[in-house]
Amino acid sequence: MSDLLTWSPIPLGRWFGTTVRVHIFLVVFVAFRLLVAPFAWPESVGSGLANLEQTAAWLSLFMLALVLHEAAHALTAYVLDCEQDDVRLWPLGNLIGPSTPARGIENMLVTIAGPLVSGATALGIAAGLGLIADAQFVWNPFGDGVDAGAPWLDEKTRATALSPVWWVGWFGYLNYILALVNLLPALPFDGGRLYRCILADRSIVSTGDDMLAPWTARATAAILFLVGVFRLFTGDGGDGLTLISLAILIEMFVRSESRMLEDGGFFDDGVFGYDFSEGYTSLEGGPAVARPHRESALERWRRRRSDLRRQRRITTEAAEERRMDEILDKLHREGRSALTDEEQRFLVRVSARYRNRPKTRD
(Lines give C-alpha, C1' and ligand atoms only; values in the text may rest on other atoms or scores of the structure.)
Protein backbone atom coordinates (compact mmCIF):
# COMPACT_ATOMS: atom_id res chain seq x y z
CA MET A 1 0.00 0.00 0.00
CA SER A 2 2.17 2.85 -1.31
CA ASP A 3 -0.42 5.58 -0.95
CA LEU A 4 -3.46 5.29 1.31
CA LEU A 5 -5.20 8.16 -0.47
CA THR A 6 -5.24 6.32 -3.80
CA TRP A 7 -5.59 2.67 -2.76
CA SER A 8 -8.77 1.38 -4.43
CA PRO A 9 -8.66 -2.41 -4.47
CA ILE A 10 -12.15 -3.23 -5.85
CA PRO A 11 -12.97 -2.42 -9.51
CA LEU A 12 -16.59 -1.71 -10.49
CA GLY A 13 -16.07 -1.43 -14.25
CA ARG A 14 -16.77 1.61 -16.41
CA TRP A 15 -19.80 3.86 -16.02
CA PHE A 16 -20.55 5.90 -19.15
CA GLY A 17 -16.86 5.70 -20.06
CA THR A 18 -15.57 6.48 -16.54
CA THR A 19 -13.54 3.88 -14.63
CA VAL A 20 -14.95 3.35 -11.12
CA ARG A 21 -13.21 1.63 -8.20
CA VAL A 22 -14.05 1.22 -4.52
CA HIS A 23 -11.60 2.98 -2.20
CA ILE A 24 -10.37 1.22 0.92
CA PHE A 25 -11.97 3.95 3.09
CA LEU A 26 -15.44 2.84 1.96
CA VAL A 27 -14.67 -0.81 2.76
CA VAL A 28 -13.42 0.11 6.24
CA PHE A 29 -16.41 2.40 6.85
CA VAL A 30 -19.00 -0.26 5.97
CA ALA A 31 -17.20 -2.97 7.94
CA PHE A 32 -16.83 -0.74 11.00
CA ARG A 33 -20.51 0.27 10.97
CA LEU A 34 -21.65 -3.34 10.76
CA LEU A 35 -19.28 -4.46 13.53
CA VAL A 36 -20.33 -1.79 16.04
CA ALA A 37 -24.05 -1.88 15.16
CA PRO A 38 -25.05 -4.62 17.67
CA PHE A 39 -23.49 -2.63 20.51
CA ALA A 40 -24.99 0.78 19.70
CA TRP A 41 -27.94 0.39 22.08
CA PRO A 42 -26.55 -1.40 25.15
CA GLU A 43 -29.39 -0.19 27.33
CA SER A 44 -32.02 -1.96 25.20
CA VAL A 45 -32.18 -5.70 25.82
CA GLY A 46 -32.50 -7.65 22.58
CA SER A 47 -32.02 -4.61 20.32
CA GLY A 48 -28.59 -5.62 18.98
CA LEU A 49 -29.91 -7.74 16.10
CA ALA A 50 -32.55 -5.15 15.23
CA ASN A 51 -29.93 -2.40 15.12
CA LEU A 52 -27.70 -4.55 12.91
CA GLU A 53 -30.61 -5.00 10.48
CA GLN A 54 -31.29 -1.27 10.42
CA THR A 55 -27.62 -0.46 9.93
CA ALA A 56 -27.38 -2.91 7.03
CA ALA A 57 -30.53 -1.35 5.56
CA TRP A 58 -29.34 2.25 5.62
CA LEU A 59 -25.89 1.21 4.42
CA SER A 60 -27.53 -0.35 1.35
CA LEU A 61 -29.39 2.93 0.78
CA PHE A 62 -26.11 4.76 1.30
CA MET A 63 -24.42 2.73 -1.44
CA LEU A 64 -27.36 3.49 -3.74
CA ALA A 65 -27.02 7.22 -2.99
CA LEU A 66 -23.28 7.05 -3.77
CA VAL A 67 -23.99 5.30 -7.07
CA LEU A 68 -26.59 7.94 -7.98
CA HIS A 69 -24.18 10.74 -7.07
CA GLU A 70 -21.26 9.43 -9.12
CA ALA A 71 -23.46 8.27 -11.99
CA ALA A 72 -24.63 11.88 -12.31
CA HIS A 73 -21.00 12.98 -12.74
CA ALA A 74 -20.23 10.22 -15.24
CA LEU A 75 -23.43 10.68 -17.29
CA THR A 76 -22.95 14.46 -17.50
CA ALA A 77 -19.35 13.97 -18.65
CA TYR A 78 -20.55 11.44 -21.25
CA VAL A 79 -23.29 13.76 -22.59
CA LEU A 80 -20.98 16.81 -22.71
CA ASP A 81 -18.09 14.72 -24.10
CA CYS A 82 -15.76 15.69 -21.25
CA GLU A 83 -12.96 13.51 -19.97
CA GLN A 84 -13.48 12.65 -16.31
CA ASP A 85 -10.86 11.38 -13.89
CA ASP A 86 -11.17 7.85 -12.55
CA VAL A 87 -13.63 7.55 -9.66
CA ARG A 88 -12.54 6.17 -6.31
CA LEU A 89 -15.68 5.65 -4.25
CA TRP A 90 -15.32 6.55 -0.59
CA PRO A 91 -18.05 7.37 1.98
CA LEU A 92 -18.55 10.92 0.67
CA GLY A 93 -18.27 10.51 -3.08
CA ASN A 94 -15.09 10.44 -5.14
CA LEU A 95 -11.75 10.57 -3.35
CA ILE A 96 -9.63 12.29 -5.97
CA GLY A 97 -6.44 14.17 -5.24
CA PRO A 98 -5.24 17.57 -6.46
CA SER A 99 -4.70 17.95 -10.18
CA THR A 100 -4.49 20.65 -12.81
CA PRO A 101 -7.74 22.71 -12.60
CA ALA A 102 -10.08 22.05 -15.53
CA ARG A 103 -11.40 25.00 -17.51
CA GLY A 104 -14.72 25.59 -19.23
CA ILE A 105 -18.39 25.57 -18.33
CA GLU A 106 -18.68 21.90 -19.34
CA ASN A 107 -16.23 20.80 -16.64
CA MET A 108 -18.07 22.94 -14.09
CA LEU A 109 -21.33 21.24 -15.02
CA VAL A 110 -19.73 17.81 -14.65
CA THR A 111 -18.38 18.76 -11.23
CA ILE A 112 -21.62 20.17 -9.87
CA ALA A 113 -23.84 17.43 -11.35
CA GLY A 114 -23.35 15.08 -8.38
CA PRO A 115 -24.34 17.54 -5.62
CA LEU A 116 -27.23 18.84 -7.75
CA VAL A 117 -28.69 15.37 -8.27
CA SER A 118 -28.19 14.40 -4.63
CA GLY A 119 -29.70 17.69 -3.43
CA ALA A 120 -32.65 17.48 -5.84
CA THR A 121 -33.32 13.90 -4.69
CA ALA A 122 -33.31 15.00 -1.05
CA LEU A 123 -35.63 17.95 -1.73
CA GLY A 124 -38.02 15.79 -3.76
CA ILE A 125 -38.19 13.18 -1.00
CA ALA A 126 -38.69 15.85 1.66
CA ALA A 127 -41.60 17.32 -0.29
CA GLY A 128 -43.07 13.87 -0.94
CA LEU A 129 -42.88 12.88 2.72
CA GLY A 130 -44.71 16.02 3.76
CA LEU A 131 -47.43 15.84 1.10
CA ILE A 132 -48.06 12.11 0.94
CA ALA A 133 -47.07 10.62 4.31
CA ASP A 134 -47.48 13.74 6.47
CA ALA A 135 -43.95 13.07 7.81
CA GLN A 136 -41.17 15.54 8.54
CA PHE A 137 -37.82 15.20 6.81
CA VAL A 138 -34.69 15.29 9.02
CA TRP A 139 -32.79 18.49 8.16
CA ASN A 140 -30.26 18.29 10.96
CA PRO A 141 -27.01 17.14 9.26
CA PHE A 142 -25.74 15.76 12.57
CA GLY A 143 -28.81 13.58 12.95
CA ASP A 144 -31.00 13.37 16.02
CA GLY A 145 -30.49 10.21 18.02
CA VAL A 146 -29.42 6.72 16.94
CA ASP A 147 -31.88 6.37 14.03
CA ALA A 148 -30.66 9.66 12.58
CA GLY A 149 -32.29 9.58 9.14
CA ALA A 150 -35.71 8.24 10.09
CA PRO A 151 -38.38 10.91 9.41
CA TRP A 152 -40.65 12.23 12.17
CA LEU A 153 -44.34 11.31 12.11
CA ASP A 154 -45.02 13.88 14.80
CA GLU A 155 -42.96 15.83 17.34
CA LYS A 156 -42.14 12.73 19.41
CA THR A 157 -42.57 9.76 17.10
CA ARG A 158 -40.23 8.53 14.41
CA ALA A 159 -41.21 6.30 11.49
CA THR A 160 -41.18 2.62 12.33
CA ALA A 161 -37.89 0.97 11.45
CA LEU A 162 -37.81 -0.66 7.99
CA SER A 163 -41.26 0.69 7.10
CA PRO A 164 -41.73 2.27 3.62
CA VAL A 165 -41.61 5.78 5.11
CA TRP A 166 -38.42 4.85 6.97
CA TRP A 167 -36.72 3.62 3.77
CA VAL A 168 -37.69 6.70 1.78
CA GLY A 169 -36.73 9.10 4.58
CA TRP A 170 -33.33 7.52 5.11
CA PHE A 171 -32.57 7.59 1.38
CA GLY A 172 -33.42 11.28 1.22
CA TYR A 173 -31.37 12.03 4.33
CA LEU A 174 -28.26 10.27 2.93
CA ASN A 175 -28.58 12.18 -0.35
CA TYR A 176 -28.92 15.38 1.66
CA ILE A 177 -25.68 14.64 3.55
CA LEU A 178 -23.83 13.85 0.30
CA ALA A 179 -25.00 17.09 -1.31
CA LEU A 180 -24.22 19.20 1.75
CA VAL A 181 -20.73 17.84 2.40
CA ASN A 182 -19.73 18.01 -1.25
CA LEU A 183 -20.36 21.76 -1.30
CA LEU A 184 -17.34 22.31 0.96
CA PRO A 185 -14.75 24.39 -1.00
CA ALA A 186 -11.93 21.94 -0.34
CA LEU A 187 -10.56 18.77 -1.86
CA PRO A 188 -11.51 15.94 -2.05
CA PHE A 189 -15.09 17.28 -2.24
CA ASP A 190 -16.90 18.43 -5.37
CA GLY A 191 -17.05 21.97 -4.01
CA GLY A 192 -13.25 22.08 -3.93
CA ARG A 193 -13.02 20.91 -7.54
CA LEU A 194 -15.71 23.39 -8.62
CA TYR A 195 -13.88 26.21 -6.82
CA ARG A 196 -10.69 25.36 -8.71
CA CYS A 197 -12.58 25.23 -12.01
CA ILE A 198 -13.92 28.74 -11.37
CA LEU A 199 -10.49 30.08 -10.46
CA ALA A 200 -8.93 28.47 -13.52
CA ASP A 201 -11.67 29.77 -15.83
CA ARG A 202 -11.10 33.31 -14.55
CA SER A 203 -7.34 32.97 -15.05
CA ILE A 204 -6.75 33.37 -11.31
CA VAL A 205 -5.02 30.01 -11.33
CA SER A 206 -3.09 29.50 -14.54
CA THR A 207 0.17 27.68 -13.85
CA GLY A 208 -0.37 26.49 -10.31
CA ASP A 209 1.28 29.69 -9.05
CA ASP A 210 -1.49 30.71 -6.68
CA MET A 211 -2.29 29.57 -3.15
CA LEU A 212 -5.87 30.89 -2.94
CA ALA A 213 -7.47 27.46 -3.24
CA PRO A 214 -5.20 25.77 -0.63
CA TRP A 215 -5.72 28.67 1.78
CA THR A 216 -9.50 28.37 1.38
CA ALA A 217 -9.29 24.62 1.98
CA ARG A 218 -7.14 25.14 5.07
CA ALA A 219 -9.66 27.65 6.46
CA THR A 220 -12.43 25.10 5.84
CA ALA A 221 -10.42 22.47 7.70
CA ALA A 222 -9.91 24.84 10.64
CA ILE A 223 -13.65 25.53 10.88
CA LEU A 224 -14.48 21.82 10.72
CA PHE A 225 -11.90 21.09 13.41
CA LEU A 226 -13.28 23.74 15.78
CA VAL A 227 -16.87 22.60 15.23
CA GLY A 228 -15.74 19.00 15.73
CA VAL A 229 -14.08 19.85 19.06
CA PHE A 230 -17.22 21.70 20.13
CA ARG A 231 -19.44 18.75 19.17
CA LEU A 232 -17.04 16.36 20.87
CA PHE A 233 -17.56 18.01 24.24
CA THR A 234 -21.16 19.22 23.92
CA GLY A 235 -22.91 16.80 21.56
CA ASP A 236 -22.48 13.42 19.98
CA GLY A 237 -18.85 12.37 20.24
CA GLY A 238 -19.10 10.41 16.98
CA ASP A 239 -20.08 13.54 15.06
CA GLY A 240 -17.18 15.45 16.59
CA LEU A 241 -14.66 12.78 15.67
CA THR A 242 -16.05 12.65 12.12
CA LEU A 243 -15.60 16.40 11.65
CA ILE A 244 -12.09 16.32 13.09
CA SER A 245 -11.22 13.42 10.78
CA LEU A 246 -12.50 15.39 7.77
CA ALA A 247 -10.40 18.38 8.85
CA ILE A 248 -7.29 16.18 9.04
CA LEU A 249 -8.07 14.67 5.62
CA ILE A 250 -8.46 18.13 4.06
CA GLU A 251 -5.14 19.19 5.61
CA MET A 252 -3.48 16.12 4.05
CA PHE A 253 -4.82 17.13 0.64
CA VAL A 254 -3.67 20.74 1.17
CA ARG A 255 -0.14 19.52 1.90
CA SER A 256 -0.25 17.25 -1.14
CA GLU A 257 -1.45 20.13 -3.31
CA SER A 258 1.26 22.44 -1.96
CA ARG A 259 3.92 19.87 -2.85
CA MET A 260 2.41 19.52 -6.33
CA LEU A 261 2.45 23.31 -6.83
CA GLU A 262 6.04 23.47 -5.65
CA ASP A 263 7.17 20.62 -7.89
CA GLY A 264 5.21 21.88 -10.89
CA GLY A 265 6.78 25.32 -11.11
CA PHE A 266 9.68 24.35 -13.41
CA PHE A 267 8.05 24.82 -16.79
CA ASP A 268 5.69 27.44 -18.18
CA ASP A 269 3.97 25.48 -20.95
CA GLY A 270 3.71 21.98 -22.28
CA VAL A 271 5.16 18.82 -20.82
CA PHE A 272 8.81 18.50 -19.81
CA GLY A 273 9.54 21.93 -21.24
CA TYR A 274 8.11 21.32 -24.74
CA ASP A 275 5.36 23.40 -26.27
CA PHE A 276 3.04 21.02 -28.15
CA SER A 277 0.64 23.76 -29.30
CA GLU A 278 1.97 23.28 -32.86
CA GLY A 279 1.97 19.49 -32.70
CA TYR A 280 4.85 17.07 -32.39
CA THR A 281 6.70 18.75 -35.29
CA SER A 282 7.79 21.42 -32.80
CA LEU A 283 10.35 18.87 -31.57
CA GLU A 284 12.16 18.90 -34.92
CA GLY A 285 13.37 22.49 -34.74
CA GLY A 286 16.23 21.75 -32.39
CA PRO A 287 17.00 20.51 -28.93
CA ALA A 288 14.43 21.04 -26.22
CA VAL A 289 14.93 24.15 -24.14
CA ALA A 290 13.63 23.96 -20.60
CA ARG A 291 11.77 26.98 -19.33
CA PRO A 292 13.45 28.91 -16.52
CA HIS A 293 12.40 27.98 -13.03
CA ARG A 294 9.56 30.09 -11.71
CA GLU A 295 9.02 30.30 -8.00
CA SER A 296 5.68 29.12 -6.72
CA ALA A 297 3.82 31.07 -4.06
CA LEU A 298 5.02 28.63 -1.43
CA GLU A 299 8.65 29.02 -2.53
CA ARG A 300 8.36 32.82 -2.51
CA TRP A 301 6.90 32.73 0.98
CA ARG A 302 9.72 30.51 2.23
CA ARG A 303 12.37 32.69 0.59
CA ARG A 304 10.91 35.88 2.02
CA ARG A 305 10.68 34.34 5.46
CA SER A 306 14.32 33.25 5.21
CA ASP A 307 15.36 36.74 4.06
CA LEU A 308 13.50 38.38 6.94
CA ARG A 309 15.07 35.96 9.41
CA ARG A 310 18.54 36.67 8.02
CA GLN A 311 17.92 40.43 8.11
CA ARG A 312 16.77 40.27 11.73
CA ARG A 313 19.87 38.27 12.62
CA ILE A 314 22.15 40.81 10.94
CA THR A 315 20.40 43.71 12.69
CA THR A 316 20.62 41.95 16.06
CA GLU A 317 24.30 41.14 15.62
CA ALA A 318 25.08 44.73 14.62
CA ALA A 319 23.28 46.06 17.71
CA GLU A 320 25.11 43.58 19.94
CA GLU A 321 28.47 44.59 18.47
CA ARG A 322 27.76 48.25 19.19
CA ARG A 323 26.71 47.39 22.70
CA MET A 324 29.83 45.23 23.15
CA ASP A 325 32.07 48.11 22.04
CA GLU A 326 30.39 50.41 24.57
CA ILE A 327 30.82 47.91 27.42
CA LEU A 328 34.45 47.20 26.50
CA ASP A 329 35.19 50.91 26.39
CA LYS A 330 33.60 51.35 29.81
CA LEU A 331 35.54 48.35 31.11
CA HIS A 332 38.79 49.84 29.84
CA ARG A 333 38.06 53.26 31.34
CA GLU A 334 36.46 52.41 34.70
CA GLY A 335 37.28 48.77 35.39
CA ARG A 336 35.10 45.67 35.79
CA SER A 337 33.58 46.89 39.06
CA ALA A 338 31.85 49.70 37.17
CA LEU A 339 29.82 47.29 35.07
CA THR A 340 26.25 46.59 36.10
CA ASP A 341 24.96 43.05 36.57
CA GLU A 342 23.09 43.25 33.27
CA GLU A 343 26.22 44.46 31.42
CA GLN A 344 28.30 41.65 32.90
CA ARG A 345 25.72 39.06 31.88
CA PHE A 346 25.59 40.54 28.38
CA LEU A 347 29.40 40.47 28.15
CA VAL A 348 29.55 36.81 29.23
CA ARG A 349 26.69 35.74 26.90
CA VAL A 350 27.98 37.46 23.76
CA SER A 351 31.59 36.45 24.41
CA ALA A 352 30.53 32.80 24.73
CA ARG A 353 28.58 33.05 21.48
CA TYR A 354 31.61 34.43 19.63
CA ARG A 355 33.86 31.70 21.05
CA ASN A 356 31.42 28.96 19.99
CA ARG A 357 30.90 30.36 16.49
CA PRO A 358 32.17 27.88 13.85
CA LYS A 359 35.51 28.88 12.39
CA THR A 360 35.61 29.66 8.67
CA ARG A 361 38.38 28.27 6.53
CA ASP A 362 40.59 30.63 4.61
Side-chain angles (χ1 to χ4, degrees), residues 12 15-16 18 20 22-23 25-26 29-30 33-34 54-79 84 87-96 108-153 158-186 188-194 224 236 238-239 242-243 246 249:
L12 294 182
W15 301 359
F16 305 104
T18 300
V20 181
V22 175
H23 194 276
F25 284 174
L26 181 57
F29 173 78
V30 173
R33 286 292 186 177
L34 291 175
Q54 294 179 38
T55 301
W58 72 256
L59 281 175
S60 64
L61 294 174
F62 176 66
M63 300 300 294
L64 181 59
L66 275 178
V67 169
L68 180 64
H69 182 95
E70 293 305 325
H73 287 300
L75 179 59
T76 306
Y78 178 79
V79 171
Q84 189 185 10
V87 172
R88 301 184 181 95
L89 281 176
W90 77 302
L92 292 173
N94 181 15
L95 190 69
I96 183 172
M108 295 184 190
L109 292 175
V110 172
T111 304
I112 199 62
L116 282 179
V117 169
S118 296
T121 302
L123 290 175
I125 289 177
L129 286 174
L131 295 174
I132 300 175
D134 195 23
Q136 184 178 355
F137 188 80
V138 179
W139 294 107
N140 182 3
F142 298 109
D144 188 8
V146 177
D147 204 7
W152 292 94
L153 300 179
R158 284 187 180 274
T160 304
L162 305 182
S163 65
V165 174
W166 185 93
W167 284 92
V168 174
W170 257 106
F171 185 63
Y173 176 75
L174 293 170
N175 277 276
Y176 169 61
I177 295 299
L178 277 178
L180 196 63
V181 173
N182 275 283
L183 293 179
L184 293 173
F189 307 110
D190 293 332
R193 288 192 284 273
L194 179 63
L224 288 175
D236 188 347
D239 292 340
T242 299
L243 294 177
L246 289 180
L249 180 66

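From a predicted model like this one, the values you see are computed outputs, not experimental measurements.
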Roughly how far, to the nearest 0.5 Å, is [atom2] of [Y] from [atom1] of [X]?
X: Leu92; Y: Leu26; atom1: CG; atom2: CG; value: 10.0 Å
X: Ile132; Y: Ile125; atom1: CD1; atom2: CD1; value: 11.0 Å
X: Leu64; Y: Trp170; atom1: CG; atom2: CH2; value: 14.5 Å
X: Phe62; Y: Ile177; atom1: CZ; atom2: CD1; value: 10.0 Å
X: Trp167; Y: Leu61; atom1: CH2; atom2: CG; value: 5.0 Å
X: His73; Y: Leu109; atom1: NE2; atom2: CG; value: 12.0 Å

Backbone N or O of [Y] within a donor-acceptor pair of the [X] side chain at under 3.5 Å?
X: Trp152; Y: Phe137; result: no
X: Tyr173; Y: Pro141; result: yes
X: Arg193; Y: Thr111; result: no
X: Asn175; Y: Gly119; result: no
X: Asn182; Y: Asp190; result: yes

Mind listing the closest non-hydrogen atom pair of [X] and [Y] along with its distance?
X: Ala159; Y: Ala150; answer: O-CB, 4.5 Å
X: Ala57; Y: Leu162; answer: CB-CD2, 3.7 Å
X: Leu174; Y: Trp58; answer: CD1-O, 3.4 Å
X: Gly93; Y: Leu66; answer: N-CD2, 3.5 Å
X: Pro115; Y: Leu183; answer: CB-CD2, 4.2 Å
X: Trp15; Y: Glu70; answer: CZ3-CB, 4.1 Å

- Message: Students often mix this up, so state it plainly: with edges at 30° and 60°, are the rings of Trp139 and Tyr176 parallel, tilted or perpendicular?
- Response: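 Because their plane-to-plane angle is over 60°, the rings of Trp139 and Tyr176 count as perpendicular.
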- Item | Residues which pass side chain to side chain donor-acceptor pair (under 3.5 Å) with Ser118, listed by chain and number, not counting sequence neighbours |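 His69.
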- Message: Thr121: which residues meet the side chain to side chain donor-acceptor pair (under 3.5 Å) condition with it, sequence neighbours left out?
- Response: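 Thr121 satisfies side chain to side chain donor-acceptor pair (under 3.5 Å) with no other residue.
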- Can you run down the side chain to side chain donor-acceptor pair (under 3.5 Å) pairs that involve residues 123-135, sequence neighbours left out, and say none if there aren't any? none
- Query: So Phe29 and Trp90, ring-ring contact (aromatic ring centres under 6.0 Å, His included) or not? Walk me through it.
  - Reply: CA-CA 9 Å; Phe29 173 78; Trp90 77 302; 9.4 Å; no
Under a 4.5 Å cut-off applied to non-hydrogen side-chain atoms, are [X] and [Y] in contact?
X: Val22; Y: Met63; answer: no
X: Leu224; Y: Leu184; answer: yes
X: Leu153; Y: Arg158; answer: no

- Message: For a side-chain contact (heavy atoms from CB on, under 4.5 Å) check, start with the C-alpha distance between Phe189 and Val181, then their side-chain angles and the critical distance, and finish with the verdict.
- Response: CA-CA 7 Å; Phe189 307 110; Val181 173; 3.4 Å; yes
